[in-house]
Amino acid sequence: MEVFLQTLVAGILKGGLYSLIGMGMSMIMGVMKIINLAHGQLMMVAMYVTFACFHFLGLDPYLGLFVAMPALFLLGCLIQKYTLNPLMEVESILPENQVLMTVGIGMVLTEIARFIFTSDYKSVQTSYSGATFFIGETSFSVALVIAFFIAVLFTLIMFWFLTKTDIGRSIRATAQDKDAALLMGVDSKRITIITFGLGSALVAAAGTLLLPVYYLFPDIGGPFTRKAFVITILGGLGSTVGAIFGGITLGLAEAFGATYIGMAFDDMIGLIIFILVLLFLPGGFKRLTKI
Amino acid sequence: MKKYAPFVLLAILIAFPLVVQNSYYQHLLILVLMWVVIGSGWNMIAGYTGQVSFGDAAFFGTGAYTAGLIASKLGLSAWWGMAFGGFTAMAVAFPFGWICFRLRGAYFALASLALNEICRHIATIWEDLTEGMAGILIMPTFLSKIPYYYIALALAVLSVVMVQIVMNSKWGYYFLSIREDQDAAESLGIDTHHYKMISLNIAAFLTGMAGSLFMNYMGFIDPEVVFSLHDISIMAILVGIVGGVGTVYGPVVGAFVMVAVHEFFRTGFFGFFKGLAGLTGSEFLIVVAKYIGQAHVLGFGILVVVVILVLPNGIVGDWNKIIRKLVPMKNKGVAT
Amino acid sequence: MKKFVIIFSCILFFMGAMLGSASAADTIKVGIVLPLTGKLAKFGEIENKSFLMALDEINAAGGVNGKKIELIIEDTTGKPDVGRSAIEKLITQDKVPVIGGGYSSSVTWATIAVAQQNKVPFLVNTGSADKITEQGWEYIFRLNPPVSEYPGGFASFVKAVATDLKTVAILHENSLFGQKGSKKFVKQAEALGMKVLMKEGYEAGAIDFKPLLVKVKSKKPDLVYMISYIMDASLLMRQAKELNFNPKLFVGGAAGFTLPEFEKNAGKATEFVYSATLWTPSVPYPGAKDYYDKFMAKYNTPTEYHGAEAYAAMYVIADALKRAKSLTPQDIRDSLAATDMMTAFGPVKFISYDKKAQQNKLPTFLVQWIDGKLETVWPKAVSTKAYVYPVPKWNQR
């Protein structure tokens, strides 16, 4: 029983972080219909921003959120504006050119990080990094609990933003039907730029929250990109609520897989779920929840 | 002139190892030829049929492990892998395509990426069969590079000719119609699932053959080498797009460019900066040399970004555009 | 214009190639393959610095028989196939008569086959897979002990002190080092009379080890033996502490557990953790402490056993070159085989035992983190501090 409960807690807490990672990807995929294969790398950049703030300015990682998120928002906007948007006008045979472009961007970001910070492992040690509290026999990591609640908070904010504000509605309109949105007077270029920026800012939040309990090196992005698209497909494109479900499902699947099947299967379980969902529940949880 | 270019190129390639005895350059050219095979395979499924695959390494690795396991488990020569590697890769491609071809565009790409990762994990975890991360080592059959060179050349020629024949056949037209508009193709009565399967299996066959060749030539494989997302799957895509998507000779050009660029950066422009730094003794140049040696992935990344922005159809696809840029306007009439 | 561009780039290319290979004839070239970029770059860099430091010392002392040694260091990026390209280049392009380095087991394994086939001696100084010296390849020498011997010091500790350890759980990363090392340890644990409760691999870089640790905890092993890289090691220990998991002993199988970063990242969670190791600055070899201090002074970062291996390897190569009848690979091989010297990494002599050939045999040590410092605790004769055993529970540390 203790094993089961602890696994459940571990899965849900990790799932909270995963939802944040997935939410950004979900928005980008929803609006632009492209897979952002630089998503994990953007998270890596955010983590370095937070790390630099902590290391040089002594800024607490949670305050680092206020630096990393705007910084990544800007970076995301620039990437969209100067590398991805121009591709829309270029004649090419494969529509997947934008996806390939994100691969290139990911490589460039990783190598720039390596130039500046070298390949060394970095980590941020705070007073709460290893802090825990116990409910019964089950241990909770303080940092992960905080991360979980911030993730939920961001989901609520995004949900409000997408349904109640003008920009949010334009984003959803573009996601549903780009041409129709254009006809209705939505500046779709501007919307794509904002969306990419927001997606980057969200993954920046995830990276920053992960930093106190994890560590950092330039190649960290790849696995997280993979997790992000698994979550996105699980949750459904463009759905914030779906991303939360997707994230927690993946977190739980990995945790229970690790406990009851084997830690080595950790990654594979996510990928198999991913293919199953693609095939049997195309559209993900969004199809069930409708939001 | 253009008509004879492939034959001239072939003649040069046949003569190359006889003229250039340096085995380091021979080694690089073997890699180029191997990438021609993989690139042609990718081009078949992605460039001509429009189903972008991020999972070429799954086929490559299967081919390589086929050869490796034949050698390590059955005690036969790894060359038998060349006979079976293509077919085992097809055995992986078949169920995958059967299930996942109902997905379109980016979703198919993601599914193939997942296939890639799943194969890598299986090869890592299934220690009893694959030796896990210890990998499989065989002693190469020949010390000289020349036999490998000609085998690789034969394989490369085979794949280019195969692509050409297929694309000139009825199948080729079906492939293109699927790429241009799958729904329209379907409404015309083309069984798109069937033809996508054919295309994928041809691609898998070629890639698997390249994998077997890799095992025989390199003599060492482990899951991270042959099932690598970055070094195989994405490299295959780069070869395809840099050379030219949907062109027969695109992968040939792409393979050459990518291997050259990789080696160029890895050795720091073939030691150019290091040499210059040594000659002048300049502290600055030593630092530059050091950074360039470390920057090969950065170079790759920038190349990708630039190629996609400037030459979205690759070097072969946008050849006319390049010529227009390079040749001044007034010569244009004369040049063509 | 087009022609001009092509011609110009050709000229540049060949000039570069020529400049690159042009070097003074009165030096002895030695090839080194190391991962200078990529995931393993950190340790590649430590080894690189150590090689260069030893090289400067050797050349400053007059070089080898009046000739200076020149190192040609090739980057393997930590990938076996690139490693093969690199060593091909060293052998055929630069025509080096002897090669060193290698770093990870997989790259080493892939490269030595090329060296053997081309009959160029290769001195392995870090790759620890047992099979490297079990092939009977006469051109391959190894300075460091194979992975199966890493826990040697630990075994004698168990026999003498920790006799109450009855059960063991083994966790390892799924790398060559982890997969092979854990298999060997199963045999060793059984030989020591311990029951192996579980043995599980994981993919390096996992975010959360708690599910795995909970499972281990529920089996109540006396000993937890882990083969992990630094950051996985730090997370494992941190999360074990968070779960209040108290086996009688945590032991690391070298790799990540002995590095300064381990303490930096895991902090208090490292307290009283044991690890097998090959080298610490406090080992009783002449020059060991010296090497550590010189490295610290020169590069301003601490070094560790990989660096010591590289540093010693450079001296072994120089010594072999000094004694070689001529500078052909064959003669250098013969003189390497006759090596018998003392280095900062311990005595070096290539012998054959069990299935291994041309393997240097070294004792291994047991270290323990005590008050945030890595102390050598076993064998007793060389210990810097008394071992702490039994280990107190987490809430009493």
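Worth saying up front: this structure is predicted, and the values here are computed from it rather than measured. The chains referred to below are lettered A, B, ... by the order of the sequence lines, with proteins before strands, and numbering in each begins at 1.
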More than 12 heavy atoms of other residues, nucleotides or ligands under 6.0 Å from NZ of Lys298(C): yes or no? yes
Counting only heavy atoms closer than 4.5 Å, note whether Phe224(A) contacts chain C via side chain, backbone, both or neither. side chain
Phe256(A) versus chain C, heavy atoms under 4.5 Å apart: side chain, backbone, both or neither? neither
Rounding to 0.5 Å, atoms CD (Glu261(C)) and OH (Tyr215(A)) come to a distance of 13.0 Å
Above 12 or not: heavy atoms from other molecules or residues under 6.0 Å from NZ of Lys49(C)? yes
Heavy-atom distance under 4.5 Å to chain A: side chain of Lys217(C), backbone, both or neither? side chain
Atom group of Asp219(A) that falls short of 4.5 Å from chain C, counting heavy atoms: side chain
Which region of Ala206(C), side chain (C-beta onward) or backbone (N, CA, C, O), has a non-hydrogen atom less than 4.5 Å from a non-hydrogen atom of chain A, or is it both or neither? both
Please check if the side chain of Glu200(C) supplies one atom and the backbone of Met263(A) the other of a donor-acceptor pair under 3.5 Å. yes
Residue part contacting chain C, namely of Tyr18(A), when any heavy atom lies under 4.5 Å: side chain
CG of Leu13(A) to CG of Asp208(C): how many Å apart, nearest 0.5 Å? 8.5 Å
Contacting moiety of Phe245(C), where chain A heavy atoms sit under 4.5 Å: neither
Using heavy-atom distances under 4.5 Å, tell me whether Thr132(A) contacts chain C through its side chain, its backbone, both, or neither. side chain
Should we say atom OH of Tyr260(A) is surrounded by more than 12 heavy atoms from elsewhere, each under 6.0 Å from it? yes
Atom CD in Glu242(C), atom OG in Ser139(A): separation rounded to 0.5 Å? 6.0 Å
Residue from Glu137(A), Gln6(A), Glu254(A), Lys122(A) scoring the most non-hydrogen pairs under 4.5 Å with chain C is Gln6(A)
Distance-minimising heavy-atom pair for Ala258(A) and Pro211(C): CB-CB, 3.8 Å
Give, for atom CE of Met231(C) and atom CD1 of Ile220(A), the distance between the pair rounded to the nearest 0.5 Å. 9.0 Å
Taking the side chain as C-beta and beyond, is there a heavy-atom pair between Pro223(A) and Glu203(C) under 4.5 Å? no
When only pairs under 4.5 Å are counted, which of Leu213(C), Ile207(C), Asn244(C) shares the most heavy-atom pairs with chain A? Ile207(C)
List the atom of Lys210(C), the atom of Ser141(A), and the distance in Å for their closest heavy-atom pair. NZ-CB, 3.5 Å
Leu210(A) portion near chain C, given a 4.5 angstrom heavy-atom threshold: side chain
How many angstroms lie between CZ in Arg238(C) and CD in Gln125(A), if you round to the nearest 0.5 Å? 4.5 Å
